[in-house]
Number of protein chains: 2
Amino acid sequence: MDTPLPKAAPVRTASLGKREQTKAQNRELILDAARQVFAELGFGATTVRDIIRATPLASGTFYNYFKSKEEIYQAIQDDVALAIRPRLREERLNAKSVEEFISSTFRTFFEFVSEDRVNFQTMRHSADTSRFRVDTPETIAGFAELREDIEKAIAAGLFPPVDADYLMAAIVGVAFEIAERIAHRPDHDPAAAAAFATALFLGGIRTLPVAAPLTAGTA
Amino acid sequence: MDTPLPKAAPVRTASLGKREQTKAQNRELILDAARQVFAELGFGATTVRDIIRATPLASGTFYNYFKSKEEIYQAIQDDVALAIRPRLREERLNAKSVEEFISSTFRTFFEFVSEDRVNFQTMRHSADTSRFRVDTPETIAGFAELREDIEKAIAAGLFPPVDADYLMAAIVGVAFEIAERIAHRPDHDPAAAAAFATALFLGGIRTLPVAAPLTAGTA
DNA sequence: AGCGGTCCGTGACACGTCGTCAACTTTCCG
DNA sequence: CGGAAAGTTGACGACGTGTCACGGACCGCT
């Protein structure tokens, strides 16, 4: 569609040859279809056939790109984890105090997930009867990174010498569980959630911010 | 096997008739098989056929007792939740202080899961690549109960007026995530884990117990 | 341009699981 | 004892799975 280029050099620059091009295109085609179908049906109800049907491709082609439903789901999740992991790490490494370390972690995480429609839609659909969380290699690496950063912070005297493994687990547990609650609430408010989690980790229950009185619950 | 009872009354007392008897027996047969197969294969890899094959029954019979793999899994999980829920509730209602409320919750929960082989085996197997948690109706009711108890504790002046929903989520998140870590560690120590979680909720990171120096991590 | 080699999309295939159902067996009760 | 009700059985059609021989399009070389 650009300049027709009389017939000159079959440049190996921008387009890497038709082969590579359709390969990348097909991969994106399948991934997009998968994201959509997962969001619509949930992970459990989705079949490889559903995904490939949402695509102009044949069923066999799927297996040239992914081994199974599990693998493509992992690929999708990994993309998400890959997007947030460096941001989290950077903020933690720049942290000058426990406060900064904790609050930036929660703030960034909650902001991210409250913007990430697709992924949380998928989780929700399974929520009818059961909910599940998939920890991909990338996610697990992110957890390990958090633990390392905690250990570094301890070595630097920023944190008291606590059990880094348990502390990591506690942060992860609270982050995911509260993220779920954010998604369930009418007003998604990542900032308030981050304030809550941060106060909890810094000073415990007694220093938590007082709840808005509207949280009546029943009726 | 007891006294042969010449031919007297076909008593409707201890044994409720052969019909009811085999019905209950078959149900237990299927449930036992399911527990075993789930623990061996994990939830995802298990099929209804696998379960029924571990049984002397025919495939159609399964569906007289459970609608699907999901439903029987829920039934199993519900049994577990049913066993621990009243204990947790009782301890919380007897709590005279924030300390008691929090510490008894974590202690009871961690002790329970560290004894519950079957259930955590199942979770583990999926852990190769992905992990998941199923929240059954009974489990969800347990969460709601925790939130109600928090609200009661706030009303009674035991807790400051915090966001009960978020606090519940935080407790649940930490409880499950740390339970997972306990299972992964060589020395299952529910008491230490409970002490950690309790200190976190009562006073925040700075009041956490100091870790045993052996937690080297690498090597 | 033309030509072999390679890559990869294609859809049919063999196999297994799913949930159902008509036929059969066992229990119940008058 | 005999008929009705309850429950078990295994075969069945529909569907999903992963594979593979085929064939057409692309690549690089002459």
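In what follows, chains carry the letters A, B, and so on, assigned in the order in which the sequence lines appear, proteins first and then strands, with residues in each chain numbered from 1.
When atom types are taken as modelled, the side chain of A:Asn94 and the backbone of A:Glu91 share no donor-acceptor pair closer than 3.5 angstrom.
Between A:Asp163 and B:Arg185, at least one side-chain N (NZ, or NE/NH1/NH2) sits under 4.0 Å from a carboxylate O, which counts as a salt bridge. A salt bridge does not link B:Glu145 to B:Lys152: none of the charged side-chain nitrogens sits closer than 4.0 Å to a carboxylate oxygen.
Distance B:Lys23 NZ to C:dC28 P: 12 Å, rounded to the nearest Å. Between the CD atom of A:Gln21 and the P atom of D:dC27 there is a distance of 9 Å, rounded to whole Å. If you take NZ of B:Lys18 and C1' of C:dT26, they are 9 Å apart, rounded to a whole angstrom. In this entry the distance linking CD of A:Gln25 with C1' of C:dG9 reads 13 Å, nearest Å. When rounded to the nearest whole Å, the span between CD1 of B:Ile51 and C1' of C:dG19 equals 14 Å. In this structure, B:Glu20 places its CD atom 11 Å from P of D:dT8, rounding to the nearest Å.
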Shorter than 3.5 Å, N or O on both sides, protein versus nucleotides 17-21 of chain D: list them out with atom names.
from: D:dT17; atom 1: OP1; to: A:Val48; atom 2: N; distance (Å): 3.2
from: D:dT17; atom 1: OP2; to: A:Arg49; atom 2: N; distance (Å): 3.3
from: D:dG18; atom 1: OP2; to: A:Tyr63; atom 2: OH; distance (Å): 2.5
from: D:dG18; atom 1: N7; to: A:Arg49; atom 2: NH1; distance (Å): 3.4
from: D:dG18; atom 1: O6; to: A:Arg49; atom 2: NH2; distance (Å): 2.8

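Side-chain N/O atoms of A:Asn64 include one lying less than 4.0 angstrom from OP1 or OP2 on C:dG9.
Ring geometry, A:Phe176 versus A:Phe143: the interplanar angle exceeds 60°, so the pair is classed perpendicular (tilted spans 30 to 60°).
Mapped onto DNA chain C by nearest heavy atom, A:Asn26 and B:Arg53 fall at different nucleotides, with A:Asn26 at the one closer to the 5' end.
Across all strands, B:Phe66 comes closer than 4.0 Å to no nucleic acid atom at all (heavy-atom distances).
Within 3.5 Å, a donor on the side chain of A:Arg19 pairs with an acceptor on the base of C:dC7, or the reverse.
No donor-acceptor contact under 3.5 angstrom links the side chains of B:Thr136 and B:Gln77, judged on distance only. If you check the side chains of A:Asn64 and A:Thr61, you find no donor sitting under 3.5 Å from an acceptor.
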